[in-house]
2 protein chains.
Amino acid sequence: MKIEIPSLQTACAQCNLREFCLPGDLGNIDMDRFNTVLGGRIRIKRGHHLYRSGERFSAIYAVKSGFFKTDVLTDDARDHVTGFQMAGEILGMDGISNEVHTCNAVALEDSEVCLIPYADLEGLSRELRTLQHQLHKVMSREIVRGHSTMLLLGVKRVDESLAAFLLDLSKRLTARGYSPTEFHLRMTREEIGSYLGLKLETVSRSFSRFQEEGIISVEQRHIRILDISGLKKLMTRIPANPRCIVPTNSQKMRRLQGTSRGLHEAAVLSA
Amino acid sequence: MKIEIPSLQTACAQCNLREFCLPGDLGNIDMDRFNTVLGGRIRIKRGHHLYRSGERFSAIYAVKSGFFKTDVLTDDARDHVTGFQMAGEILGMDGISNEVHTCNAVALEDSEVCLIPYADLEGLSRELRTLQHQLHKVMSREIVRGHSTMLLLGVKRVDESLAAFLLDLSKRLTARGYSPTEFHLRMTREEIGSYLGLKLETVSRSFSRFQEEGIISVEQRHIRILDISGLKKLMTRIPANPRCIVPTNSQKMRRLQGTSRGLHEAAVLSA
DNA sequence: CGCAGTTTTGATTCATCTCAATTTGTGTGG
DNA sequence: CCACACAAATTGAGATGAATCAAAACTGCG
């Protein structure tokens, strides 16, 4: 099914995405060795899957160009977008735990990925501590990213979520040398909604509100951020109701302080 | 701050949690070597932190006994519970990416964890491929768990979420030798609500509904599942409205098939 | 025993969803 | 090149599920 052609010169060293990607800050010698495990490039056309939930896992992928989404399905066929991945970001780490992919990865535009056979990666990262550490960092980052997404889904209101979403995109695009204030959305309102736990109409209304307030300009999927600091303010809820304010009564304070010393009071035992 | 006493005999080999824990299926020889990197045990009293967001990262922790929650804060001090951890589960992997913890870990009852100094763990897992693979599996599992939680937060209704939550707890407790149908919740309604993106009152009402329907019995935090299959049904929404049914019109089908071939049609290029 | 924290329950409000209609954009075939 | 079909996005009106506010009951701890 999957035809792997050994890489002649995938040349991470020449890739301008290196710093965001798995190689990270690998030195030249290690970089060359890393290149030897690369399995070549794969082109995925817009709308097509890089992998599907249930497929056997054998490799992770670095996005070389283009844009992806990952999504998961419930038993009753509702789906939820778990993330969007752009150049330099890694796809497929969900498959490591059981050697089976647990989500779908779909290209949102014609894209190219670098195939990294997982067995080889493990082998080499036993030899190269920098590579090993890079891999762990990338996986850990994915865990942390998950926490942020949970925050969006769990506690943020519509406008807060959408503002956070746009600022996150802006940040990632900026790091890749694109404009911080002007970009093209690769996903539909429905996909944004799915990611943020909202319906597409709700996303659309929020965009319209932002536009009315002069925070951004929206023309279909073309976004221009007119007021970055305004957008940042929208991310944070104005604590309108007293519930959001830090408790001040003495009991609450005492209790909070009781739990505020962390490990200092942890009894460390010899085993 | 953190006093680490070298382990005399932490003895994973004798620990009945081994299979769920980082050591996993390590053989005896590897297990002994793994024991040598363990940093000892730490006792955390109920309500106290194992680590806090912002603290420097230096180790991960395996829950030896007790129960934890992890939570993250928004800029405006709203917090969100990202998970609950029981015996054999690993805490602290969020800290690997930037050597700083990005969430808080709080004991929900008097607990004990095994300290695993991260630098040593990396070192040893370069030597032991089974340990290396175990570590990757544990991290990947955490990523996948995040996806499931996003599903709960993004697409599930109150009763569906709570049913899924109870069944997940039941499953994890069963694996550890406890009753599948009867257990004690270690967290408050508010913490459950935070985890599921709900308010405590909403959680309480959902518990009451389940009880009225004879699905479970609730006495404070003591839960008895009376009808497991009923609870499983509640996890899945009855597709009441046509939107939930797979689209049948020819256009939609054609489009779906167009994206259903995965890698088969991916062009594999030599690099 | 008494108090504080937790949980339950009720009444009401409100944010988002749902349903529906319209507009805009895009690709296709005649 | 236009017309058509369809996907995507906007907008409005109304429904609804969960949040909010409020009060009471319960529990466990000091």
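Note on naming: letters A, B, ... go to the chains in the order of the sequence lines (proteins, then strands), and numbering restarts at 1 for each one.
- Under the side-chain contact (heavy atoms from CB on, under 4.5 Å) criterion, B:Ser148 pairs with no residue, sequence neighbours left out.
- With sequence neighbours excluded, the residues satisfying side-chain contact (heavy atoms from CB on, under 4.5 Å) with A:Ala163 are A:Phe210, A:Leu231, A:Leu234, A:Met235.
- B:Phe165 has its side chain within reach of B:Leu196: a pair of non-hydrogen atoms, C-beta onward, lies under 4.5 Å apart.
- Distance A:Glu219 CD to C:dT26 P: 11 Å, rounded to the nearest Å.
- Each of C:dT16, D:dA9, C:dT8 was ranked by its minimum atom distance to the side chain of A:Arg221; first place goes to D:dA9.
- On a pure distance criterion of 3.5 Å, a polar donor-acceptor pair joins the side chain of B:Glu201 and the base of D:dC21.
- Atoms CG (B:Leu200) and P (C:dT9) sit 13 Å apart, rounded to a whole Å.
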Protein and nucleotides 28-30 of chain D: nitrogen or oxygen contacts under 3.5 angstrom:
none

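- Aromatic rings from A:Phe84 and A:Tyr195 are positioned such that their centres are separated by under 6.0 Å.
- No more than 12 heavy-atom neighbours from other residues, nucleotides or ligands sit within 6.0 angstrom of CD on B:Glu190.
- Contacts of A:Val203 with the nucleic acid, taken as non-hydrogen atoms under 4.0 Å apart, are absent.
- When the C1' atom of D:dT10 is taken as reference, atom CD1 of A:Ile192 falls 14 Å away, rounded to whole Å.
- Between the P atom of C:dT7 and the CG atom of B:Leu162 lies a distance of 13 Å, rounded to the nearest Å.
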Inset, instruction - Decide salt bridge (Lys or Arg N to Asp or Glu O under 4.0 Å) for B:Asp110 and B:Arg43; before the verdict, give the C-alpha distance in whole Å, the side-chain angles of both, and the deciding distance to 0.1 Å. - result: CA-CA 7 Å; B:Asp110 293 359; B:Arg43 277 204 182 130; over 6 Å; no
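- When rounded to the nearest whole Å, the span between CD of A:Glu191 and C1' of D:dA7 equals 12 Å.
- Identified under the side chain to side chain donor-acceptor pair (under 3.5 Å) test for residues 215-226 of chain B, with sequence neighbours left out: B:Glu182-B:His222.
- Looking at every heavy atom in both residues, B:Asp159 comes nearest to B:Ser206 through OD1-OG, 2.8 Å.
- Look at B:Arg157 and you won't find any side-chain N or O under 4.0 angstrom from OP1 or OP2 of D:dG17.
- Sorted by residue number, the members of residues 204-216 of chain B with any non-hydrogen atom under 4.0 Å from DNA chain C read B:Ser204, B:Arg205, B:Ser208.
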Legend entry - salt bridge (Lys or Arg N to Asp or Glu O under 4.0 Å) assessment of A:Arg176 paired with A:Glu89: CA-CA 11 Å; A:Arg176 285 158 182 78; A:Glu89 297 177 331; 3.6 Å; yes
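- Contact check of residues 182-190 of chain A against DNA chain D (heavy atom, cut-off under 4.0 Å) returns A:Thr188, A:Arg189.
- One atom, CD of A:Glu160, and another, P of C:dA15, lie 12 Å apart when rounded to the nearest Å.
- One interatomic measurement links the two molecules: NZ of B:Lys199 to C1' of C:dT9, which rounds to 18 Å at whole-angstrom precision.
- Under the 30°/60° scheme for interplanar angles, the aromatic rings of B:His101 and B:Tyr51 are found to lie parallel.
- Remark on DNA chain D: of its neighbouring residues A:Val218 and B:Thr202, the 5'-side contact belongs to A:Val218, judged by nearest-heavy-atom nucleotide.
- Residue contacts for A:Gly193: at a heavy-atom cut-off of 4.0 Å it reaches no nucleic acid atom on any strand shown.
- Contact annotation: the side chain of A:Leu200 never approaches that of A:Thr188 to less than 4.5 Å [non-hydrogen atoms, C-beta and beyond].
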Inset, instruction - Would you please test B:Glu142 and B:Arg145 for salt bridge (Lys or Arg N to Asp or Glu O under 4.0 Å) and show each step? - result: CA-CA 5 Å; B:Glu142 188 67 11; B:Arg145 199 187 61 77; 3.1 Å; yes
